[in-house]
Asker: 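Pasting a structure below so you can have a look.
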Amino acid sequence: MMQISSLYNKYKDKWWVLPLILPFVLYPITQRLSTYGDVDGFEIPLIYLNMALMTVLTMIYGIKAIPGIVLCVFYRVYPDRGFEPALMSIVHYFTSIVISCAGYYYFTGKRGLASFGRFNLTWQRIFWLVFINTTLFLNYFQAVLYLGLFGGYDKMMYVNPLSTRTLINYHAMLVGNMIGLPMLYLVIRSFRTPTYLIKYVKKIRDQVADDLSTVELICLFAALILLTALMVYPENHTFTLMNSVYTLTLLLPVMIWGTLRLGHAAISLVWWVIVIVLCIKYQSYIPSGVDYKLHLAIATSCFSAFSITITLMAINISRQRALNLKTKRLMSIDPLVHLPNLLALGTDLKTNTISILCQLYMPDLELLGRHYGLQMQVQYKQQLAQFLNPVLQDDELIYISSGHDLIVRMSPLNAEKRINELYNKAKKFRFIRDGVKIYPQIGCSYCIINYPVGHLYLLIGELRTLAEISLTTNLPIDMRKNSSRQVQNQVKTKVDMMNQLQRALELNRFILMVQPIENIKGERYHEVLLRMRGNNDEIIFPDTFLPLAHEFGMSSSIDLWVLNNTMKFMDNTRHSQPNQRFAINLTPASICRSDMANLIERLLIQHGIAPEQIVLEVTETDELTNNVQAEKTLDALQRLGCKIAIDDFGTGYASYARLKNMRADILKIDGSFIHKINSSEMDYKIVQSICELARMKNMTLVAEFVETEEIRHTLFRMGIDYVQGYLIGKPAPIESIEARV
């Protein structure tokens, strides 16, 4: 059997196999389905499918179809009408078919072989394979009849090209091509490749409207069957109006309804059956009176007009539905990583009653992305997902989450064992970049999830927090354990704080506090500190909300709020307190904004503040020093006239090695070195060395955490320019400055 199938696939397209056999097999069928009517004693086609058969054979097989078509036509015509009419019939077919197919393929190329229903080929097919083909065929037919080259075939002996008979004939061939081409293409392609029929059934399923119900489908077919039955019912029934061409006009809105709901692949089959039945039973609804020819012409014109309308509408509807499906598919795929996103995850969870969600968290990708670029992060996630695929089953997928996470949806069977297998596989992954193996830490958390899921995004946040814990334990963490309740509370707290931050920005619920910074002469300027009013008007300190503001990407907006409101205060109090100076903290996110310098300049101009009155304090972090944009922003602010201060020097990323590259005006020594300066020789030496290095760069020195007179005396003796702390003054509302004056 396999050998026969192999031989068939090898030789099926040879001219002596299918191209030769199919004409002899299909021609009797198309001839039987082609219906003829009697007009003035002449045989007139109402639907003519033979030409559609020859056109499709030529369209698919090209030159290979010629021997089969020639032999078939000769075999069918020669016994009844002789050699010369048979020869003229062969030339007749090829004159129209060759010209129309040649013009069609000239404009479409190889894509012209595609199945029917393609929007980009529709107009070419209607013009060349239907209109041009039919017109050439009919004109050639009239010319040959006029010359008497079809022999003594009395039923075809009429020559007036402007008669009703010619109009009916033309409509018959138009309809035959419009509905015959796609149907015969389906049949021949199915003979050639049996799996094409399966694809066609799938196409029908894909083109049907998603919300089409069984009841609607039954009503649709019931209406079509009823209208068709009324037309073909014997003439002697009592519904004379319904048993007429009038009912044919009622078919169009019902067919349009079907077109909108079923699409091209299904409705073309339905319309093909209806037209064949109505043409065969035409005598049931065409009255045999004086107006017989007129009614017949109206009926055939309706068939041709309806066929074109239904075909065009069906193709457009199917195209629109395919575009919508493609859009939904694209919406479910991340455009960079090309993995399913959270939208796809939500959809897939609906089809799986119970699933395991496993989250893989790679926080180091953010740091690597700054060094190697976004493309490295994308490639890492793609290759990691591909590396993990062998561990997954066919129905399990990997999804891309926001940030630096991958989410795996798995079957709940043997969950714990398979999660460990997945996690161990992930830890073995090595990403090679420029010959260097890179393997960031990977955290892993998982949970069982049941459909329906109403809290997916909150759940992913909880899994992220657990995955962060996994980085320290080096083990996958199950959310079902006792720690999950605490994690859930942490996530809910974060979400609540995010809402409070948004509300504070919208309703001005932040509070500006100031703390004085004083030199040995008693001259002062103030550092602006921030507080926030909570939902119950409680005061929330920055160490609670600022880390979350940075995590949620809101820190830059908060900085701009502080800048704007501080300058507004300076503008309102310029007469009572001229030349006030304020130090305002900027987060790394603000410094890394390309437009921050311009925004600050606009605020200075708007409120009429001199740049020298503003000191911008920045913390030396990895997000600042590793970003070229940060250096450009600081340079632009210095050229503008603002003073730049490095805050918390001596801790974190701020170090002696970086001091030589810093371009700042003020250096603020972290309070951890100050509060024990009189009792710790190490702290004293550190502060002393900082002072010596800062003087070499002509930087102003500020010491934080000054709480006693002894500490202040020691610092001024060492050469510190300004001191700040509870000894000098505690944080107070910014309005208190004016009150003290």
Side-chain angles (χ1 to χ4, degrees), residues 30-52 80 130-131 134-135 137-146 150 152-180 224-255 271-310:
T30 57
Q31 182 66 30
R32 179 70 181 83
L33 295 176
S34 297
T35 307
Y36 295 84
D38 189 8
V39 179
D40 296 335
F42 297 104
E43 191 176 66
I44 305 298
L46 302 180
I47 180 172
Y48 189 69
L49 296 172
N50 293 340
M51 183 171 60
D80 294 333
V130 177
F131 177 72
T134 299
T135 304
F137 191 89
L138 184 62
N139 288 335
Y140 184 90
F141 182 71
Q142 292 289 341
V144 172
L145 282 179
Y146 181 77
F150 271 130
Y153 196 48
D154 295 336
K155 292 184 179 182
M156 296 170 53
M157 294 305 294
Y158 63 96
V159 296
N160 185 2
L162 301 178
S163 64
T164 306
R165 298 193 300 270
T166 306
L167 179 63
I168 296 171
N169 199 352
Y170 188 65
H171 287 155
M173 287 186 285
L174 281 177
V175 176
N177 280 338
M178 281 298 300
I179 70 171
L224 291 173
I225 292 171
L226 177 62
L227 291 174
T228 305
L230 287 173
M231 294 185 67
V232 302
Y233 197 76
E235 293 183 7
N236 57 359
H237 70 75
T238 57
F239 301 103
T240 55
L241 179 62
M242 302 304 293
N243 186 222
S244 65
V245 178
Y246 170 77
T247 308
L248 182 60
T249 62
L250 299 180
L251 270 174
L252 182 60
V254 180
M255 284 301 302
W271 180 238
W272 181 77
V273 172
I274 290 175
V275 172
I276 294 295
V277 171
L278 291 179
C279 287
I280 292 174
K281 297 290 186 178
Y282 77 96
Q283 292 178 340
S284 298
Y285 57 90
I286 301 296
S288 57
V290 179
D291 296 327
Y292 169 75
K293 288 193 295 183
L294 177 61
H295 282 87
L296 197 59
I298 292 174
T300 55
S301 66
C302 285
F303 289 145
S304 60
F306 290 2
S307 297
I308 294 174
T309 302
I310 291 168

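Every heavy atom of this structure was used, including side-chain atoms; hydrogens, water molecules and symmetry mates were not.
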Asker: Taking all heavy atoms of T247 and all of L227, pick out the closest pair and write down the distance.
Answerer: CG2-O, 3.6 Å
Asker: What's the shortest heavy-atom distance between A299 and Y285, and which atoms?
Answerer: CB-CE1, 4.4 Å
Asker: Please report the interatomic distance CD1(I168) to CE(M173), rounded to the nearest 0.5 Å.
Answerer: 12.0 Å
Asker: For M255 and I274, work out which heavy atoms get closest and say how close.
Answerer: SD-CD1, 4.0 Å
Asker: Check whether any side-chain heavy atom of L46 sits under 4.5 Å from a side-chain heavy atom of L296, and report yes or no.
Answerer: yes
Asker: For A297 and L167, work out which heavy atoms get closest and say how close.
Answerer: CB-CD2, 4.4 Å
Asker: Where do P287 and Y292 come nearest, in terms of heavy atoms and distance?
Answerer: O-CD1, 3.3 Å
Asker: Return the OG1 to CG distance between T35 and L33, rounded to the nearest 0.5 Å.
Answerer: 7.5 Å
Asker: So, the side chain of N169 versus the backbone of R165: is there a donor-acceptor pair under 3.5 Å, distance only?
Answerer: no
Asker: Please name the pair of heavy atoms, one in M178 and one in S307, separated by the smallest distance, quoted to 0.1 Å.
Answerer: CE-O, 3.8 Å
Asker: Classify the ring geometry of Y170 against F131: parallel below 30°, tilted from 30° to 60°, perpendicular beyond 60°.
Answerer: perpendicular
Asker: Start with the C-alpha distance between V175 and T300, add both sets of side-chain angles, then the distance that settles side-chain contact (heavy atoms from CB on, under 4.5 Å), and finish with yes or no.
Answerer: CA-CA 8 Å; V175 176; T300 55; over 6 Å; no
Asker: So do the side chains of F306 and V275 get within less than 4.5 Å of each other, counting heavy atoms only?
Answerer: no
Asker: Kindly determine whether S163 and T166 satisfy side chain to side chain donor-acceptor pair (under 3.5 Å), including the steps that lead there.
Answerer: CA-CA 5 Å; S163 64; T166 306; 3.2 Å; yes
Asker: If you round to the nearest 0.5 Å, how far is CD1 of I47 from CD1 of I276?
Answerer: 4.0 Å
Asker: Can you measure from CG (L49) to SG (C279) and round to the nearest 0.5 angstrom?
Answerer: 9.0 Å
Asker: Quick one: OH on Y48 to CZ on F137, what's the gap to the nearest 0.5 Å?
Answerer: 4.5 Å
Asker: Would you sort out whether T164 and V39 count as a side-chain contact (heavy atoms from CB on, under 4.5 Å), showing the intermediate values?
Answerer: CA-CA 9 Å; T164 306; V39 179; over 6 Å; no
Asker: Give, for atom CG of L250 and atom CE of M231, the distance between the pair rounded to the nearest 0.5 Å.
Answerer: 9.0 Å
Asker: Got a donor-acceptor contact below 3.5 angstrom from the T228 side chain to the I225 backbone?
Answerer: no
Asker: Could you walk me through whether F303 and L278 pass side-chain contact (heavy atoms from CB on, under 4.5 Å), step by step?
Answerer: CA-CA 10 Å; F303 289 145; L278 291 179; 3.7 Å; yes
